[in-house]
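Here the structure is laid out as structure tokens; the discussion comes afterwards.
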Protein chains: 2
Amino acid sequence: MAGRTRANPLALAVLCLLYERPMHPYEMSSTLRERHKEDSIKLNYGSLYSVVESLRKRGLITARETVREGRRPERTVYAITEAGSTEMTDWLSDLLSRPAKEFTQFEAALSLMPIFGPDEVINLLETRLRSLRQQQRAHDQSNAWAPPNFPRLFLIEMEFKYALLRTEIEFVSALLDELRSGTFEGIALWRRMHELREEGRTPEAVDEVLAEEFKEELSWLSELSDTQRPEQG
Amino acid sequence: MAGRTRANPLALAVLCLLYERPMHPYEMSSTLRERHKEDSIKLNYGSLYSVVESLRKRGLITARETVREGRRPERTVYAITEAGSTEMTDWLSDLLSRPAKEFTQFEAALSLMPIFGPDEVINLLETRLRSLRQQQRAHDQSNAWAPPNFPRLFLIEMEFKYALLRTEIEFVSALLDELRSGTFEGIALWRRMHELREEGRTPEAVDEVLAEEFKEELSWLSELSDTQRPEQG
DNA sequence: TACGTAGTACTCTGAGTCGAGTAATCGGCT
DNA sequence: AGCCGATTACTCGACTCAGAGTACTACGTA
């Protein structure tokens, strides 16, 4: 049923808020911000209003009343419906119980990394690592906003984010160590290829030179069908 | 300059492919698939063709020639431009060196988790954990497609994905242990709240009962301004 | 009292996304 | 010879999203 309509978790957040009590969209956005959900759920006004409208069209929420205070713009208060409650529990159950394929920008970047030579990559990753460590320090200090005794239940998503951050730091820093020390497998071939390219050789000429200089390292090429070989590396 | 146009990494992948050699869109998609980049870069036909068209409009790639074989549809071959090469290196440098805010579905789900009671959450997370372990086993065995000696450089993004997977498994499994053993901080309050709700009490009645039964645990409430209190937990 | 800034509450627009659909060819099988 | 399913190569349109813009109020301040 709900195929693509389950793309944006902001819609789920709206359902959860209205499950608590009726609200108008702007109140939803400020509530989400107050509860620090902005950090884990992407929120912006444009999306919020269209997501709300789309939920209404699907009958998952209804417009309760429109209030006007002074000459301010009208506020439309929405409430969740039966169908909305069902969708909410179904959707959240699904998200918690079934890992979804997620694509991060950094994964994409790593997979295209070979267009740079190893030395450029070292530089770029060093910059990244500094940023990540900065974020980590910021996190360590920023329990400031949460009062003592604040329930862990409401911070659990931050713990997860932090665990991912630590993993990324470890990954990048281990990779950097290998690149800098030259123990990264195949780094000699990789470096030589970029040297040759920078000398202005044609791709074919580069392949030829490498084929001679790195016979064993390139043995895997013959194992692949023609179309399968990654020429970019 | 390139503000929102840098949203979709597929566009960057297209630039990288055309940096190797001119291609038509369908060839791009099959090349990406052969190189297993589908796992780290979201790819679908609809997006591919519009991304290509948008790159062309921005002058980052140009249509080289349109070939027709038999009565098949035309294939338009594209090549990268100077501006395209520049954009490619700028963009990839940026992705590698600057961590971007990423929002995963699971983070969103965790942050909305309190709408369920602890026992439901345990069930859902157990299902997730089985799935994740399944994925992990699949990964362990699926170096099958890569021939011996295949350069690590071309698999580095998978290593990262795997590291994230391990972290998620550890996180979920640690969380489950705490929930099941009852050592999760505040779980008694959380469980009682859902009990009361299921008995059909009004939110206000629930709050009242809890305020009496869990005085110390709720001390943090008084530290927050009215608007800041998360009523949903 | 005029002014600048922060907050409230949306609205609009154009660009991007995605899944489904189409139409042709190829290879194998019966 | 004819058919089935896979592969090649795109096209379409409905929906979604992001960011900028609007318009008003409230508040401090010089």
Side-chain angles (χ1 to χ4, degrees), chain A residues 1-14 17 22-34 38 41-58 60 63-78 100-101 103 108 225 227-228, chain B residues 1-14 17 23-34 38 41-58 60 63 65-78 100-101 103 108 225 227-228:
Chain A
M1 181 180 262
R4 156 115 123 297
T5 80
R6 286 210 182 153
N8 192 351
L10 182 56
L12 178 56
V14 167
L17 288 168
M23 271 187 206
H24 56 96
Y26 189 81
E27 192 183 356
M28 298 175 200
S29 79
S30 23
T31 308
L32 288 174
R33 195 166 311 143
E34 278 154 18
E38 256 187 318
I41 298 171
K42 205 175 191 170
L43 166 65
N44 71 56
Y45 294 125
S47 301
L48 178 60
Y49 285 89
S50 41
V51 149
V52 164
E53 178 54 18
S54 137
L55 290 172
R56 198 196 54 76
K57 273 189 200 151
R58 292 169 56 208
L60 304 178
R64 257 293 159 79
E65 43 176 350
T66 63
V67 189
R68 148 163 286 163
E69 277 175 24
R71 283 207 287 151
R72 290 219 192 146
E74 277 184 354
R75 298 173 316 177
T76 306
V77 175
Y78 294 88
K101 261 194 191 173
F103 298 85
S225 66
T227 49
Q228 241 191 330
Chain B
M1 182 183 264
R4 158 114 121 298
T5 80
R6 290 220 179 141
N8 191 349
L10 181 56
L12 178 55
V14 166
L17 288 169
M23 274 187 206
H24 56 95
Y26 189 80
E27 192 183 356
M28 298 173 200
S29 79
S30 21
T31 307
L32 288 173
R33 196 166 311 141
E34 278 154 17
E38 258 187 317
I41 299 170
K42 205 177 194 170
L43 165 65
N44 71 56
Y45 293 125
S47 301
L48 179 60
Y49 285 89
S50 41
V51 149
V52 164
E53 179 54 19
S54 136
L55 290 171
R56 197 195 55 75
K57 272 189 201 149
R58 292 169 56 207
L60 304 178
E65 43 176 351
T66 63
V67 188
R68 149 163 285 163
E69 278 176 24
R71 283 206 288 150
R72 291 224 189 139
E74 277 183 354
R75 298 173 318 178
T76 306
V77 176
Y78 294 87
K101 261 194 189 173
F103 299 85
S225 67
T227 51
Q228 242 191 332

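Small disclaimer: the values here were computed from a predicted structure and weren't measured. In what follows, chains are A, B, ... by sequence order, proteins preceding strands, each numbered from 1.
Among residues two or more places apart in sequence or in another chain, the salt bridge (charged side-chain N to carboxylate O under 4.0 Å, His left out) test is passed with A:Glu65 by none. Shown here are the salt bridge (charged side-chain N to carboxylate O under 4.0 Å, His left out) partners of B:Glu53, two or more places apart in sequence or in another chain: B:Arg56.
Taking atom CZ on B:Arg33 and atom C1' on D:dA6, their separation rounds to 13 Å, with Å as the unit. For the pair A:Leu48 CG and C:dC12 P, the computed distance is 16 Å after rounding to whole Å. Atom pair A:Glu65:CD and C:dA9:P shows a separation of 13 Å (rounding to whole Å applied). Between the CZ atom of B:Arg75 and the P atom of D:dT11 there is a distance of 14 Å, rounded to whole Å. In this entry the distance linking CG of B:Leu43 with P of C:dG19 reads 11 Å, nearest Å. Between the P atom of D:dC17 and the CZ atom of B:Arg6 lies a distance of 24 Å, rounded to the nearest Å. Taking atom OH of residue A:Tyr49 and atom P of nucleotide D:dT22, one finds them 17 Å apart after rounding to whole Å. Distance NZ (A:Lys57) to C1' (D:dT16): 11 Å, rounded to an integer number of Å.
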B/S/- along nucleotides 13-18 of chain C (protein heavy atoms under 4.0 Å) is -B--BB

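Within the 4.0 Å cut-off from OP1 or OP2 of D:dT8, at least one side-chain nitrogen or oxygen of B:Tyr26 is found. Within the 4.0 Å cut-off from OP1 or OP2 of D:dT8, not a single side-chain nitrogen or oxygen of B:His24 is found.
Surrounding CZ of A:Arg64 are at most 12 heavy atoms belonging to other residues, nucleotides or ligands under 6.0 Å away.
Using a 4.0 Å heavy-atom distance criterion, B:Ser29 is classed as making no nucleic acid contact.
Residues A:Leu32 and A:Leu10 meet the side-chain proximity criterion, which asks for heavy atoms closer than 4.5 Å.
The aromatic rings of B:Tyr45 and B:Tyr49 are tilted relative to each other, their planes meeting at an angle between 30° and 60°.
Between the side chain of A:Ser50 and the main chain of A:Gly46, a donor-acceptor pair closer than 3.5 Å is present. Not one N or O on the side chain of B:Asn8 forms a donor-acceptor pair closer than 3.5 Å with the backbone of B:Ala11.
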